[in-house]
2 protein chains.
Amino acid sequence: MNQVHVQQIECLLVLSEELHFGRTAARLGYSPSRASQLLSALERRVGVRLVERTSRRVSLTRFGAQFVEEVRPAYENLSTTFLRARDRAMRGALRELRLGFHGSVYEQVTEAFRLLRAEHEVTVTLSEIPLGSPFSAVLEGRLDAALVELPVHDPALTVGFRFPPQEQLLAVGTAHPLASREGVRVEELAEFDLLRPVGDAPDYWMAARVPPTTPSGRPIRSGTGINTVQEGLALVAAGTHAMLVCRPMAQSISRTDVRCLPISEWEEPSQLGLVRRTADTGPQLTALAGLLAEVYGGDSPCYAGLSPAPGSRDIA
Amino acid sequence: MNQVHVQQIECLLVLSEELHFGRTAARLGYSPSRASQLLSALERRVGVRLVERTSRRVSLTRFGAQFVEEVRPAYENLSTTFLRARDRAMRGALRELRLGFHGSVYEQVTEAFRLLRAEHEVTVTLSEIPLGSPFSAVLEGRLDAALVELPVHDPALTVGFRFPPQEQLLAVGTAHPLASREGVRVEELAEFDLLRPVGDAPDYWMAARVPPTTPSGRPIRSGTGINTVQEGLALVAAGTHAMLVCRPMAQSISRTDVRCLPISEWEEPSQLGLVRRTADTGPQLTALAGLLAEVYGGDSPCYAGLSPAPGSRDIA
DNA sequence: CATATCGTTGAGCCTAGCTCAACGATCGCT
DNA sequence: AGCGATCGTTGAGCTAGGCTCAACGATATG
């Protein structure tokens, strides 16, 4: 009763363009009398005459013109908002995509987010997830996808995009026995205690983060657990711990008390992936995967993706 | 059918706050079943579930939350726009006030406009009106009021505010015989040709602009008509014409080829007024009159209003 | 397991949305 | 000046949608 009647407003807006009740009614799909009734009802509710009409000429009142001027943008705003939402609903799309990540988000990825926002009207919210629980937030529905290390062997989860594989380095503190070396052989890993993510990740994933043995079978110790990369780096810098990190991560470390050494004779790169629920077939994640492929140059993931700046501080 | 249903949106917005169909219905003033029907109708129209509900718990769907986030501001915008307009309509107020003026608008007046906008949500549009037709635009309804010289003797017109009366000066060009003088006696006016506004102003108004005779009865010539003050000043500067101007006007003249002389032995000040239609009893003009009175210091119009800067160039 | 709360559904009433036909006002034409 | 055409309005009347009520099913609490 006392609320805004969209129909009446529509009628007024069309009438303000047509200045003719017959055409207005035709455009809106009902009889001229209805247009007349709608408008007089609106005028009754507003309290003043909005349209001056004789049987020959229709014109807006001074107040009516100002009213139209005010109401039109507000109406169109609501209307398009509604239609846009309905459109998204029909496409099964969401306006906001919740993504999780480990450590840091690379520039190519934020570029893809920017494109996604521009081309698909999707905004991305980011939240860091515990290093040792890469999948639970996605599985529980708190996130739509996670940018985490592969592999994933879970029928409920699917990898939407595979990032270029990256060499793994060994991060050690400047006080560490290895700190003065230029590199380390993979068999030497058995002599140190590697930091290990803690969380509810499946065993195969944990084993991929910190191998239980060297290629020749010597056991690798990993007594200390960490929850985040920064936590790990703090331990590395402070004591005698060592930690495996991928090359882009090593490049992004800006502390002077940590060095990253290449590991020779080891061919097990780490690879990030965009992990989503298999059941979630929304188009935005597909779009994001496509944009990531685009950003990483061609749609075939390759090693060339993250070109490391020559002479950067990753090996010294 | 295919349009936005405000009722449904209202229901969703309230429900998103209450998360309870019973309370929602109570707040909106209908039965719980109606709330349920409205919401399912909205969901049918949008195409997806907006609210997840069991008989014990009501919560917004992910999409529903985003939808609410988008729609609420749009709805509130339309709603308040409508209510504001209705409020103005009931007060008989207009959002825009069309004013006319002669020559220039003084700072005190624009200050009053600023206050009017801030306190009464009324914007002012200004347009200059021909010097000789001060009333016709108002009488014809093209303007709401005019800031023009008094007097007005027309039952259809009313003076909403009287500005402080101002001394009149004689503007002459630097080549004029009087240019080297410090002042002029009123009887000397009979010796020159005064510029005269042309337009449809009533005779009594024209006579007040350019008196037909000096106080002692000697006729004053006024052969040349002008449409605007600037036109008059151009003629004054170029030739041997003279023109009567009020003190604030003289102060605002920035040309070096025109001088303004005080007229001794003459006590006929010019006075500006805010002239409106008597039939137009809208509150904004009353408000404007009040603000003008305020700006001009107290509500009793007095001569002290426009304090001329000492040593300003009005008399040389 | 009993009970209370709460959202949904379907039947039914009633208002409003809408159309149709008749009317009155205005303008152009002769 | 009179005629006809155009156009907005009004009131009668039909129908669909708005709304309520009562019954039902599901869920949490004791």
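Since the model is a prediction, treat every value here as computed from it, not as a measurement. Lettering of chains follows the sequences in order, A, B, ..., and the numbering in each one begins at 1.
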*Asks:* Take A:Gly29 and B:Val58, find for each the nucleotide of DNA chain C with the closest heavy atom, and name the residue whose nucleotide sits nearer the 5' end.
*Replies:* B:Val58
*Asks:* Atom NE2 of A:His5 to atom C1' of C:dC18: distance rounded to whole Å?
*Replies:* 13 Å
*Asks:* Distance check, rounded to the nearest 0.5 Å: B:His5 atom NE2 versus B:Cys11 atom SG?
*Replies:* 12.5 Å
*Asks:* Counting C-beta onward and ignoring hydrogens, is there a side-chain heavy-atom pair between A:Ser79 and A:Phe82 closer than 4.5 Å?
*Replies:*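 A:Ser79 does not reach A:Phe82 side chain to side chain.
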*Asks:* Figure out the OH/C1' separation between A:Tyr30 and C:dT19, and round it to whole Å.
*Replies:* 13 Å
*Asks:* Which whole-number value in Å describes the distance from B:Leu38 CG to D:dT20 C1'?
*Replies:*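 Nearest whole value for this atom pair: 13 Å.
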*Asks:* Is there a donor-acceptor contact under 3.5 Å from the side chain of B:Arg276 to the main chain of B:Thr286?
*Replies:* no
*Asks:* The side chain of B:Arg53 is closest to which nucleotide in this list: C:dG7, C:dC18, D:dA22?
*Replies:* C:dG7
*Asks:* Let me know the distance between CD of B:Glu43 and P of C:dG7, rounded to the nearest Å.
*Replies:* 14 Å
*Asks:* Do B:Leu39 and B:Val51 have side chains that approach each other closer than 4.5 Å (heavy atoms only, starting at C-beta)?
*Replies:* yes
*Asks:* Just to confirm, is there a sub-4.0 Å distance from OP1 or OP2 of C:dT26 to any side-chain nitrogen or oxygen of A:Arg56?
*Replies:*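 For C:dT26, OP1/OP2 do not have a side-chain N/O of A:Arg56 under 4.0 Å.
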*Asks:* Could you tell me how far apart B:Phe21 (CZ) and D:dA26 (C1') are, to the nearest whole angstrom?
*Replies:* 14 Å
*Asks:* So A:Val68 and A:Leu13, do their side chains get closer than 4.5 Å, heavy atoms only?
*Replies:*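 Yes, side chains in contact.
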*Asks:* Where the side chain of B:Thr54 is defined as all heavy atoms beyond and including C-beta, which of C:dT19, C:dG17, D:dT27 is the nearest nucleotide?
*Replies:* D:dT27
*Asks:* How long is the line joining CG of B:Leu19 and P of C:dC6, in whole Å?
*Replies:* 13 Å
*Asks:* Can you tell me the distance, in whole Å, between the CD atom of B:Gln37 and the C1' atom of D:dC21?
*Replies:* 11 Å
*Asks:* Between the base of C:dC20 and the side chain of A:Ser33, is there a donor and acceptor pair under 3.5 angstrom?
*Replies:* yes
*Asks:* Figure out the CZ/C1' separation between B:Arg57 and C:dT5, and round it to whole Å.
*Replies:*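 To the nearest whole Å, that distance equals 13 Å.
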*Asks:* Would you say a side-chain N or O of B:Ser36 is under 4.0 Å from OP1 or OP2 of C:dG7?
*Replies:* no
*Asks:* Using the side-chain heavy atoms of A:Arg34, tell me which of these nucleotides is nearest: D:dG18, C:dG17, C:dG7.
*Replies:*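 Between D:dG18, C:dG17, C:dG7, the one nearest the side chain of A:Arg34 would be C:dG17.
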*Asks:* Are OP1 or OP2 of D:dC19 and a side-chain N or O of B:Gln7 less than 4.0 angstrom apart?
*Replies:*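 Answer yes for this pair, as a side-chain N or O of B:Gln7 is under 4.0 Å from OP1 or OP2.
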